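What follows is a single structure, written as structure tokens, with notes after it.
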Number of protein chains: 2
Amino acid sequence: MADPDARFEALLAKFRERDHRITPQRLALLRLLAASEGHPSASQIHEQLHAQFPTMSLATVYKTLNLLKEMGEILELGFGDDDNRYDANEPFPHPHLICIRCHKIIDPEVPEYRALAHEVAATSGFRVVSHRLDFYGICPDCQRLEAG
Amino acid sequence: MADPDARFEALLAKFRERDHRITPQRLALLRLLAASEGHPSASQIHEQLHAQFPTMSLATVYKTLNLLKEMGEILELGFGDDDNRYDANEPFPHPHLICIRCHKIIDPEVPEYRALAHEVAATSGFRVVSHRLDFYGICPDCQRLEAG
DNA sequence: GTGCTTGCAAACAGTTTGCAGATAG
DNA sequence: CTATCTGCAAACTGTTTGCAAGCAC
């Protein structure tokens with residue numbers, strides 16, 4: 001995706017814009033999110049930040065993530081069983097491909113998926129405002145391990 | 001969907017087949033699931049059964065639902081925030097249309113959705129085994145209430 | 001200085017589990 | 001009779017909240 005530094009600056013600008021205070025904890029969290037390629041969970045984020053800030057609490061991670069969610073700057077992926085995952089690089093609904101073995105999440109290219117939402121709206125009378133398109137399977141790496 | 005009685009008999013047959021005991025509580029639960037048009041939650045199921053069985057506990061509802069899930073006879077829809085919903089009529093992944101106002105869930109006709117899974121599998125190298133296609137919006141009834 | 005933010009601990013909600021007594025087969 | 005099932009209550013997990021102390025501005 002785009003330049004991590006640019007994304008970090010954009011997130012920071014949004015914080016200032018809305019008069020949210022810039023604390024060292026928040027700076028570190030924004031930097032981490034902007035740089036992350038994957039879809040980290042709250043506790044994974046907490047774990048990493050705890051290395052830099054030994055007093056960093058999970059509650060602060062959640063509070064900041066919720067702030068970002070309200071601001072529309074991150075996408076929260078909730079799962080029934082597993083913990084939530086966060087995507088700060090594409091904070092709008094898009095398809096996901098989830099490995100049921102290693103829990104890796106990737107963003108596949110599915111150009112036609114937008115057409116589906118339109119069709120569903122047209123035939124059902126719903127005003128569709130969001131969606132969730134998740135495909136579950138076994139990623140190439142885990143297939144290799146199984147075969148080996 | 002199909003005949004509720006037929007579905008009830010089919011579920012019952014599966015129970016016998018696997019040597020699971022047929023208790024009055026389970027009978028009532030199977031009957032309710034087979035007859036339900038919607039996507040009830042565990043506590044909605046419990047509420048209804050409690051009328052017939054004043055001692056019926058939520059734990060028993062969950063235990064029986066989990067049994068059915070293992071047997072592949074119901075589809076469990078987990079949501080991060082709201083409670084799980086269960087569908088015993090189409091126990092395989094299929095698209096859902098969820099009203100964010102009244103929490104109604106319906107099964108839209110989306111004939112092309114299967115093609116998506118194939119394409120995702122082909123371009124990503126994943127072996128896709130399941131999926132979750134949910135569209136969130138406002139149902140015609142709730143749109144009418146808003147407009148009124 | 002003001003009041004937002006932090007971090008701890010307790011609360012929360014839905015689901016699961018342990019166990020003693022009840023019951024289907 | 002015996003193993004499974006029930007129902008209560010307690011445990012569990014991820015997330016949220018209340019509050020006193022700390023810090024950004």
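Chain A is the first sequence line, chain B the second, and so forth, proteins listed ahead of strands; every chain is numbered from 1. All values reported here derive from a predicted model rather than from experimental measurement.
- The closest side-chain donor-acceptor pair between B:Asn66 and B:Lys63, if any, does not fall under 3.5 angstrom.
- Residue B:Arg18 contributes atom CZ, which lies 17 Å from atom P of C:dG25 at whole-angstrom precision.
- B:Asp82 comes within 4.0 angstrom of no nucleic acid atom, judged by non-hydrogen atoms across all strands.
- Contacts of A:Asp19 with the nucleic acid, taken as non-hydrogen atoms under 4.0 Å apart, are absent.
- Taking only side-chain nitrogens and oxygens, A:Arg26 comes nearer than 4.0 Å to OP1 or OP2 of C:dT6.
- Atoms CG (B:Asn66) and C1' (C:dT17) sit 11 Å apart, rounded to a whole Å.
- As judged by a 4.0 angstrom heavy-atom cut-off over every strand, B:Thr60 is placed among the base-contacting residues.
- Rounded to a whole Å, the CG atom of A:Leu27 is 13 Å from the P atom of C:dT5.
- With hydrogens and angles disregarded, no donor-acceptor distance shorter than 3.5 Å links the side chain of A:Arg85 to the backbone of A:Glu76.
- Rounded to the nearest 0.5 angstrom, B:Glu70 CD and B:Arg18 CZ are separated by 8.5 Å.
- Taking only side-chain nitrogens and oxygens, A:Gln25 comes nearer than 4.0 Å to OP1 or OP2 of C:dG7.
- The interatomic distance linking B:Arg16 (CZ) with C:dA24 (P) rounds to 14 Å, in whole Å.
- Atom CE in B:Met56 sits roughly 7 Å away from atom P in D:dT6 (whole-Å rounding).
- In this structure, A:Arg132 satisfies the cation-pi test against A:Phe79, with its NZ or CZ atom closer than 6.0 Å to the six-membered ring centre and inside 45 degrees of the ring normal.
- Taking atom CG of A:Leu29 as the reference point, atom P of C:dT6 lies 10 Å away to the nearest angstrom.
- Residue A:Thr23 places at least one side-chain N or O under 4.0 Å from the OP1 or OP2 atom of C:dT6.
- Rounded to whole Å, the distance from NE2 on A:His20 to C1' on C:dG3 is 13 Å.
- Considering only side-chain N and O atoms, A:Ser57 lies nowhere under 4.0 angstrom from the phosphate OP1 or OP2 of C:dC8.
- Here D:dC25 is the nucleotide among D:dC25, C:dT6, D:dC5 with the atom lying nearest to any side-chain atom of A:Ile22.
- Between the C1' atom of C:dG25 and the CZ atom of B:Phe15 lies a distance of 16 Å, rounded to the nearest Å.
- For B:Arg21, the side-chain atoms get nearest to D:dC5 when compared with the rest of C:dC19, C:dC4, D:dC5.
- Each of A:Ser43 and A:Lys63 has a nearest nucleotide on DNA chain D; the 5'-most of these lies closest to A:Ser43.
- Inspection of the A:Asp134 and B:His131 side chains reveals no N or O donor paired with an N or O acceptor under 3.5 Å.
- Between A:Glu90 and A:Asp107 there is a side-chain heavy-atom pair separated by less than 4.5 Å.
- Within the nucleic acid shown, A:Pro24 comes within 4.0 Å of sugar-phosphate atoms alone, with no base atom in reach, counting heavy atoms only.
- Along DNA chain C, the nucleotide nearest A:Leu67 and the nucleotide nearest A:Ala59 are compared for position; the residue whose nucleotide lies closer to the 5' end is A:Leu67.
- Here B:Asn84 does not reach the OP1 or OP2 of C:dG14: none of its side-chain N or O atoms lies under 4.0 Å away.
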